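I have placed the structure first, in the form of structure tokens, so that the comments after it can refer back to it.
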Amino acid sequence: MNKLALAAAAALVTLATGARADDPVDGLWKTQPGDTGGYLHVSIGPCGSAVCGTIDSAFDKDGNQQLDYENLGKNIIWDMVADGGGSYSGGKIWAPDRDKTYNSKMSLDGQNNLTVKGCVAGGLICRGQTWTRVQ
């Protein structure tokens, strides 16, 4: 009986890990340009059972990489949970340009466009961007 329970537990862990590893949102994403014309590359991937995004690199309006950008390596998205059908919710997003954190949701449009929104007032007012997949 113990062998059966152990095998079932191992199968569940394998299934859960496999589903998380194949998440279609995982990858490197380019944000839309901000007020100054610069943009970020955000690396999205698993963090525990959720999805998180970290600022990988920053670029000025001319596309020059800004190696001294003060927010490199910081989380910009965290605690996002897959809802199915390419939709994610329940997480937070930090807007570096305003230094504010918002409730967040995001959704895939195909494989190469990700709509990311930060919301207030219980989700009634949202500000968003469409990010494009770099890799």
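Please read these numbers as outputs of a predicted model, since none were measured by experiment.
Legend: disulfide bond (SG atoms under 2.5 Å apart) pairs involving residues 74-109, not counting sequence neighbours: none detected. For residues 83-92, no pair satisfies salt bridge (charged side-chain N to carboxylate O under 4.0 Å, His left out), with sequence neighbours left out. Contacts classified as salt bridge (charged side-chain N to carboxylate O under 4.0 Å, His left out) and involving residues 100-122 (residues at least two apart or in different chains) are not found.
Applying the side chain to side chain donor-acceptor pair (under 3.5 Å) test to Trp94 and every residue at least two apart in sequence or in another chain returns Asp99. Tyr69 meets the side chain to side chain donor-acceptor pair (under 3.5 Å) test with Asn71; sequence neighbours excluded. With sequence neighbours left out, the side chain to side chain contact (heavy atoms under 4.5 Å, CB included) criterion links Asn64 to Asp60, Asp62, Gln66. With sequence neighbours excluded, no residue forms a side chain to side chain donor-acceptor pair (under 3.5 Å) with Asp68. Take Lys30 and apply the side chain to side chain donor-acceptor pair (under 3.5 Å) test, not counting sequence neighbours, and it matches no residue.
In terms of hydrophobic clustering, with Ile, Leu, Val, Met, Phe, Trp and Tyr side chains grouped at heavy-atom distances under 4.5 Å, Val81 and Ile76 are assigned to different clusters. Both Ile77 and Val120 are members of a single hydrophobic cluster when ILVMFWY side chains are connected at heavy-atom separations under 4.5 Å.
Hydrophobic clustering, defined by side-chain heavy atoms of Ile, Leu, Val, Met, Phe, Trp and Tyr closer than 4.5 Å, groups Tyr39 together with Phe59.
With rounding to the nearest 0.5 angstrom, the CG atom of Leu72 is 8.0 Å from the CG atom of Leu67.
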Indicate every side-chain donor-acceptor pair of residues 122-133 with a distance under 3.5 Å to a residue at least two apart or in another chain.
residue: Arg127; atom: NH2; partner: Asp97; partner atom: OD2; Å: 2.8
residue: Gln129; atom: OE1; partner: Gln32; partner atom: N; Å: 3.3
residue: Gln129; atom: OE1; partner: Trp131; partner atom: NE1; Å: 2.8
residue: Gln129; atom: NE2; partner: Gln32; partner atom: O; Å: 3.4
residue: Arg133; atom: NE; partner: Gln111; partner atom: O; Å: 2.7
residue: Arg133; atom: NH1; partner: Asp26; partner atom: O; Å: 2.9
residue: Arg133; atom: NH2; partner: Pro24; partner atom: O; Å: 2.6
residue: Arg133; atom: NH2; partner: Gln111; partner atom: O; Å: 3.0

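Looking at heavy atoms from C-beta onward, Val42 lies out of side-chain contact with Leu28 at the 4.5 angstrom threshold.
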